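One structure below.
Both backbone and side-chain heavy atoms feed into the values below; hydrogens, waters and symmetry mates do not. Counting starts at 1 for both ligands and their atoms, following the listed order. Residues: numbered from 1 along the sequence shown. All of these numbers come straight from a predicted model, not from anything done at the bench.
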Amino acid sequence: MGAVMGTFSSLQTKQRRPSKDIAWWYYQFQRDKIEDELEMTMVCHRPEGLEQLEAQTNFTKRELQVLYRGFKNECPSGVVNEETFKQIYAQFFPHGDASMYAHYLFHAFDTTQTGSVKFEDFVTALSILLRGTVHEKLRWTFNLYDINKDGYINKEEMMDIVKAIYDMMGKYTYPVLREDTPRQHVDVFFQKMDKNKDGIVTLDEFLESCQEDDNIMRSLQLFQNVM
Ligand SMILES: [Ca+2]
Ligand SMILES: [Ca+2]
C-alpha cells in the first residue's frame, strides 16, 4: 500500500522541521489549527471507534488520527473497494499487471468479506504488517495465500499468488524470469511446507516451515515488501 505507506512515513518525519522562521511558525499554527478541527470532528463522530482501535492496534491515538486523515483523503467515501486497490497497485507497478495481486490482497484486507475495506479493517492490517510480531505477519500472509479462506493452502492457491506476484513485477523489471519459474518456485515452497505430504498446507505447517527455513523467510520478506 505504497500510497498509504507514504502517509504513514510522514508520521515519522513530522517532528523534524529544523528552522524556526516565521513560515515555520505559521505552518505549525495552521497545522495545529487544522488538526484541532479534525480532532473535534472525530471526537464528535467516532469517539468509541478510535479508542477501541488504539487498544486493538499498535498505533497511538495521534498516529491513528493521521492515518485516518490520509485514508479520508484517498477515499472520501470512507471505504475502499477492490477497484481502488487495483488503481493504487497499477500506479506502483506500471510495467506489470498488478490486478490479480491487488484482487487477492483486497480479499485479505476485507476480513469480513463485505466487498469493501473500512478504516478499521485497514489499520488493523497495517498494524500487523508494519508493527506486528513475526508470528502475526505470518498468520496474515497465510490468510492472503488461502484464497478460498477454507483454512488451508493448496498448491493451486500458492501457484495463483506467486503467479500474480510475477505478473505484477513484470518481465520488463525482471527479464531473467522464465515462463516456468513460478511453477518451480511453488514446487520447492510447497514441498518444504507440506510436512505430512497430504497435499495441503495447514497454518501450523506454514508457521513451522517459515520459521525454520531462512530461504522461505527471505522469500516471504520479498513478497511482504510489495504490500
Ligand atoms: Ca484454501
Ligand atoms: Ca499438510
_Presence of N, O or S from N148 under 3.0 Å of the Ca ion (ligand 1)_ = yes
_Atom nearest to the Ca ion (ligand 2) - D194, N, O or S atoms considered_ = OD1
*To the nearest 10°, how many degrees is the angle E157 OE2 to the Ca ion (ligand 1) to D150 OD1?*
150°
_Least distance between heavy atoms, E54 atom then K61 atom_ = OE2-N, 3.6 Å
_Closer than 3.0 Å to the Ca ion (ligand 2): does that hold for any N, O or S atom in M193?_
no
*Any luck finding a side-chain donor-acceptor pair between T124 and D121 under 3.5 Å?*
no
*Within the stated cut-off of 3.0 Å, is an N/O/S atom of N154 closer than that to the Ca ion (ligand 1)?*
no
*asked:* By the definition ring pair (Phe, Tyr, Trp, His ring centres under 6.0 Å), identify the one residue from Y101, F122, Y89, F85 that meets it with F106.
replied: F85
*More than 12 heavy atoms of other residues, nucleotides or ligands under 6.0 Å from NZ of K86: is that the case?*
yes
*Which angle, to 10 degrees, forms at the Ca ion (ligand 2) with O of I200 on one side and OE2 of E205 on the other?*
130°
_Tell me which N, O or S atom from D198 is the closest to the Ca ion (ligand 2)._
OD1
*Could you check R131 against E63 for salt bridge (charged side-chain N to carboxylate O under 4.0 Å, His left out), going step by step and ending with a plain yes or no?*
CA-CA 13 Å; R131 297 192 180 161; E63 288 171 332; 2.9 Å; yes
_Between V201 and the Ca ion (ligand 2), is there a contact where an N/O/S atom of the residue lies under 3.0 Å from the metal?_
no
*Backbone N/O of D97 and side chain of D167: donor-acceptor pair under 3.5 Å*: no
*asked:* Of all the N, O or S atoms in D146, which has the shortest distance to the Ca ion (ligand 1)?
replied: OD1
_Is the distance between the ring centroids of Y145 and Y104 under 6.0 Å?_
no
